[in-house]
Amino acid sequence: SFNLGEGVKFVAYSPTKDSYDNLNDYSPIMKLTYGNNSFVFTGDAEKVVEAEVLKKYANELNADVIKFGHHGSSTSSTKEFIEAISPKYGIISCGVDNSYGHPHREVVDIINNMGINAYRTDTQGQITLTSDGSTINIKTEK
């Protein structure tokens, strides 16, 4: 972890091992805190890394925003991991009509069941979040 400036802290939780079978699991899971706002970024880290991070850091993961893992794939974003973060907002970065079918129904169902206000690049285009440390503003542009 390190400070990026006054009131801004960055923590990297993963990868936790030197070697993984899947290249996606080298994606770092990180948290950025600015004042009272916090954001979790997951890259393409999959369930195995989410479980490692949960086991070690479950009490540190709570955040306002999550960038859902691996474009909303069912290989990431487990219910347990998302519950530990307990976000108000979520971002899914995926292409329109992508050949992988992202985001997967399982992840969308978790999002809907948890009442997370989700934004998707395939339906809403560019998503920009800004924070002053107390308020998060979200703008979309297709």
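As the structure is a computational prediction, the values presented were derived from the model and not from experiment.
Between the side chain of Lys88 and the main chain of Val65, no donor-acceptor pair closer than 3.5 Å is present. No donor-acceptor pair under 3.5 Å is formed between the side chain of Glu141 and the backbone N or O of Gly125. Remark: side-chain polar atoms of Thr78 are paired, donor with acceptor, to backbone N or O of Phe81 under 3.5 angstrom. Checked by atom type and distance alone, the side chain of Ser14 pairs as donor or acceptor with a backbone atom of Ile29 at under 3.5 Å. A donor-acceptor pair is defined here as one N or O able to donate and one able to accept, closer than 3.5 Å; no such pair exists between the side chain of Thr121 and the backbone of Gln126. No donor-acceptor distance shorter than 3.5 angstrom exists from the side chain of Tyr119 to the backbone of Tyr89, with no hydrogens or angles considered. With hydrogens and angles disregarded, no donor-acceptor distance shorter than 3.5 Å links the side chain of Asn3 to the backbone of Gly5. Looking only at distances, no side-chain donor or acceptor of His104 sits under 3.5 Å from a matching main-chain atom of Ser73. Between the side chain of Lys31 and the backbone N or O of Glu60 there is at least one donor-acceptor pair closer than 3.5 Å. Not one N or O on the side chain of Lys9 forms a donor-acceptor pair closer than 3.5 Å with the backbone of Gly35.
Closest approach of Ile111 to Ala118, counting heavy atoms only: CG2-CB, 3.7 Å. Here the closest heavy-atom approach between residue Asn98 and residue Gly101 is recorded as OD1-N, 2.9 Å. In this structure, Pro15 and Asp25 approach most closely via the heavy-atom pair CB-O, 3.9 Å. Here the closest heavy-atom approach between residue Asn37 and residue Ser131 is recorded as OD1-OG, 2.6 Å. Across all their heavy atoms, Val108 and Pro103 have their closest contact at CG2-CG, 3.8 Å. Residues Val40 and Ala63 approach most closely at CG2-CB, 3.6 Å, considering heavy atoms.
Phe41 and Tyr26 are assigned to two separate hydrophobic clusters, defined by single-linkage of ILVMFWY side chains at heavy-atom distances under 4.5 Å. Placement of Ile127 and Leu32 within a single hydrophobic cluster is found when ILVMFWY residues are connected by side-chain heavy-atom separations under 4.5 Å, directly or transitively. If you chain together hydrophobic residues whose side chains sit under 4.5 Å apart, Phe39 and Val8 fall into the same group. Hydrophobic clustering of Ile, Leu, Val, Met, Phe, Trp and Tyr side chains at less than 4.5 Å, counting indirect connections, unites Val11 with Ile66. Linking ILVMFWY residues whenever their side-chain heavy atoms come closer than 4.5 Å, directly or via other members, leaves Met30 and Phe68 in distinct clusters.
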Go through Thr75 and Asn24 one step at a time and tell me if the side-chain contact (heavy atoms from CB on, under 4.5 Å) criterion holds. CA-CA 10 Å; Thr75 62; Asn24 287 335; 5.7 Å; no

List the steps and the verdict of side-chain contact (heavy atoms from CB on, under 4.5 Å) for Leu129 and Ile91. CA-CA 10 Å; Leu129 286 78; Ile91 308 297; 3.8 Å; yes

side-chain contact (heavy atoms from CB on, under 4.5 Å) between Asp109 and Glu106: does it pass, once the steps are laid out? CA-CA 5 Å; Asp109 287 346; Glu106 299 91 331; 5.8 Å; no

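No side-chain donor from either of Ser76 and Glu46 sits under 3.5 Å from a side-chain acceptor of the other. In this structure, a donor-acceptor pair under 3.5 Å is absent between the side chains of Ser27 and Asp44.
Hydrophobic cluster of Val96: no remaining members, since no ILVMFWY side chain lies below 4.5 Å from it.
Cys94 contributes atom SG, which lies 6.0 Å from atom CD1 of Ile92 (distance to the nearest 0.5 angstrom). Interatomic distance, OG1 of Thr16 versus CD of Glu52, reported as 3.5 Å (0.5 Å rounding). In this structure, CG in Leu54 is found 6.0 Å from CG in Leu61, a value given to the nearest 0.5 Å.
Few gaps surround NZ on Lys142; more than 12 heavy atoms of other groups in view lie less than 6.0 Å from it. Atom CG of Asn59 has 12 or fewer heavy atoms from other residues, nucleotides or ligands within 6.0 Å.
In terms of the side-chain contact (heavy atoms from CB on, under 4.5 Å) criterion, residue partners of Ile110 (sequence neighbours excluded) are, by chain and number, Lys79, Ile82, Met114.
Ring planes of Phe2 and Phe10: tilted class, angle from 30 to 60°.
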